There are 2 protein chains.
Amino acid sequence: MSTAQGGPYERAHRPTRPEGAPTVDRRSAIRQAALRLFASQGYRSTTMTDIGAAVGIRGPSLYKHVASKHELLAEIMIDTMDQLIADNAAAVAGTDDVREQLRRSTEAHIRYHARHRLEAFVGNREIGSLEQADQDRVLSRRSDYERRFRELIERGVAEGAFCVRSARIASYSILDMGIGVSSWFHEGGEFSVDQLAYHYGDTALRIVGARHPGPAPQEHDLPLG
Amino acid sequence: MSTAQGGPYERAHRPTRPEGAPTVDRRSAIRQAALRLFASQGYRSTTMTDIGAAVGIRGPSLYKHVASKHELLAEIMIDTMDQLIADNAAAVAGTDDVREQLRRSTEAHIRYHARHRLEAFVGNREIGSLEQADQDRVLSRRSDYERRFRELIERGVAEGAFCVRSARIASYSILDMGIGVSSWFHEGGEFSVDQLAYHYGDTALRIVGARHPGPAPQEHDLPLG
DNA sequence: CCTACCGATCGGTAGG
DNA sequence: CCTACCGATCGGTAGG
């Protein structure tokens, strides 16, 4: 059940590293190990002993670097939402065209869920494992993030660029597709991250029934069109 | 949150029911309570004491009705996949038109995820909590289910009815949208289950770039079209 | 960074 | 269907 067990031997009382230098490094190693374990075994099934073993120390020694197991999970999930929001802000900042903004927002969404599969996966599965205060922090960020997509689509509809019955459901559709990516994507498969992002950018535009820009309104034969 | 709690009183040593009659009823009550608790707290955080309390008995008494906590989870998840596959088989059986088959498949998918939110939610979150043999059973059914959508889309492309770059990704997109529904849908909201299913049926046809049937090929202005 | 250990929890069994 | 309880696990602390 445990992981990087170097075997029960040659472990007793290895002296500390050359004096406190790589402590910062150590902390991120712990976080990374925790993330991997949370993703593969679940938060609840991962023990401090597991996390310690993954970085070569005992469970109780982790408390020199982190305050608690909860803190590790909360940090991962809050940072994930902050990154998604920051990426989205950058995506919409580059253009005024609502179609292009939706394409870039979707690409950023997909890129994050493909490149940071584990963070996204844990972030979506372990919300209920957070303490109330941290759960509130994550959920309010998630609401912000969802609103960005919804309002973008509403604007597209208002401008006549998009055609959907419900901007809310269209935004959920696009977001949920991306969340799914974090479950099945792996590098080295049929598509690269960039190809995947571009593909989903197109799909998002299909979902919202995007019409080509230009002076003359165009016809198309889509359902709901 | 709990169900048939008769209160903590009048509980000590109630004699068994009129001889083995409602045992079947009891068992499904236990299963329903377990499902609710697994969904809200997670499998690992739900105790046999919790489940027992939800049906008005003590934890150890559950073992008169179920073999183990694992069995409860495995049953829920396997039945869920069997139901999805059966619904899909019924959906495609009613017509030969590939567009209509995709629409009905998507509607059935959405309907299940809206009507059986908890089953779908638990089924997607707790795969890692299953024992190996049960996990294999669930994953092989899931593969079957995914293949049905993928092959349907491949056929649509071959017939010239659909236009996608990757049938696999298109099928994941549609399936993942549905999975998402089980996270946010609740009855009494903006849409009924039927409206939601119809809406997503349209969206699926947009995703695959469905063209209208008929002798004359038509033009449209979709990306990837 | 370690060992020793506390306090609490939990799935399941024994025996009635 | 109950109480009593076993065996195991776990997050975190004490003290070095």
Side-chain angles (χ1 to χ4, degrees), chain A residues 1-6 8-27 29-30 33-34 37-38 41-74 126 129-131 134, chain B residues 4-27 29-30 33-34 37-38 41-74 126 129-131 134:
Chain A
M1 195 53 71
S2 77
T3 43
Q5 279 269 12
Y9 314 104
E10 42 80 62
R11 191 203 259 126
H13 259 227
R14 218 169 358 180
T16 36
R17 300 297 173 87
E19 224 42 32
T23 295
V24 139
D25 209 41
R26 189 66 119 188
R27 198 179 198 282
I30 290 170
L37 288 162
F38 292 165
Q41 315 179 351
Y43 173 76
R44 202 74 204 302
S45 300
T46 300
T47 70
M48 292 305 267
T49 302
D50 291 336
I51 301 173
V55 297
I57 64 179
R58 303 290 186 180
S61 304
L62 291 168
Y63 292 90
K64 273 286 161 190
H65 303 284
V66 300
S68 68
K69 191 185 166 191
H70 264 115
E71 186 196 68
L72 277 168
L73 181 63
E126 303 289 359
S129 304
L130 289 172
E131 285 162 353
D134 290 318
Chain B
Q5 275 270 14
Y9 312 105
E10 41 77 66
R11 188 206 261 125
H13 260 224
R14 217 170 358 180
T16 35
R17 300 298 172 87
E19 225 43 32
T23 296
V24 140
D25 208 41
R26 189 65 119 187
R27 198 178 197 283
I30 290 169
L37 288 162
F38 292 164
Q41 316 179 353
Y43 173 76
R44 202 73 205 302
S45 300
T46 299
T47 71
M48 292 305 267
T49 303
D50 292 335
I51 300 172
V55 297
I57 64 179
R58 303 291 186 180
S61 304
L62 291 169
Y63 291 89
K64 273 284 160 191
H65 304 282
V66 299
S68 67
K69 192 185 165 191
H70 264 115
E71 186 196 68
L72 278 168
L73 180 63
E126 303 288 358
S129 304
L130 289 172
E131 285 162 353
D134 290 319

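Worth saying up front: this structure is predicted, and the values here are computed from it rather than measured. Sequence lines set the chain letters: A, B, ... in the order given, protein chains first and strands last, and positions in each chain run from 1.
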Please find the pair of heavy atoms, one from [X] and one from [Y], that lie closest to each other, and give the distance.
X: A:Leu62; Y: A:Gly52; result: CD1-N, 3.6 Å
X: B:Ala33; Y: B:Ile51; result: CB-O, 4.4 Å
X: A:Ala54; Y: A:Leu37; result: CB-CD1, 4.3 Å

Close N/O contacts between protein and nucleotides 9-11 of chain D (under 3.5 Å):
from, atom 1, to, atom 2, distance (Å)
D:dG11, OP1, A:Thr46, O, 3.0
D:dG11, OP1, A:Lys69, NZ, 2.8
D:dG11, OP2, A:Met48, N, 3.0

Audit row: B:Arg27, B:Glu71, salt bridge (Lys or Arg N to Asp or Glu O under 4.0 Å) steps and yes/no | CA-CA 12 Å; B:Arg27 198 178 197 283; B:Glu71 186 196 68; 2.9 Å; yes
Give the stems involving DNA chain D, where a stem is 3 or more consecutive Watson-Crick or G-U wobble pairs (i with j, i+1 with j-1, and so on) under 3.5 Å.
->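 The stems that DNA chain D takes part in, listed by first number, are C:1-16 with D:1-16.
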Just compare D:dC1, C:dC2, D:dT3 and give me whichever is closest to any side-chain atom of A:Arg58.
->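 Taking heavy atoms from C-beta onward, the closest nucleotide is C:dC2.
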Quick one: which of D:dA4, D:dC1, C:dC1 gets closest to the side chain of A:His65?
->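 Between D:dA4, D:dC1, C:dC1, the one nearest the side chain of A:His65 would be C:dC1.
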How would you list, by chain and number, every residue that makes a ring pair (Phe, Tyr, Trp, His ring centres under 6.0 Å) with A:Tyr43, sequence neighbours excluded?
->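 A:Phe38, A:His70.
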If you measure from CG on B:Leu73 to CG on B:Asp134, what distance do you get to the nearest 0.5 Å?
->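 B:Leu73 atom CG to B:Asp134 atom CG measures 8.0 Å (nearest 0.5 Å).
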I would like to know whether A:Leu130 and A:Glu126 meet side-chain contact (heavy atoms from CB on, under 4.5 Å); could you show each step before the answer?
-> CA-CA 7 Å; A:Leu130 289 172; A:Glu126 303 289 359; over 6 Å; no
Steps toward side-chain contact (heavy atoms from CB on, under 4.5 Å) verdict (A:Gln41, A:Thr47) | CA-CA 10 Å; A:Gln41 315 179 351; A:Thr47 70; over 6 Å; no
Between atom NZ in A:Lys64 and atom C1' in D:dG15, what is the gap in whole Å?
->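 Taking NZ of A:Lys64 and C1' of D:dG15, I get 11 Å after rounding.
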Could you check how far CG of A:Leu62 sits from C1' of C:dC1, rounded to whole Å?
->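 About 10 Å, once rounded to whole Å.
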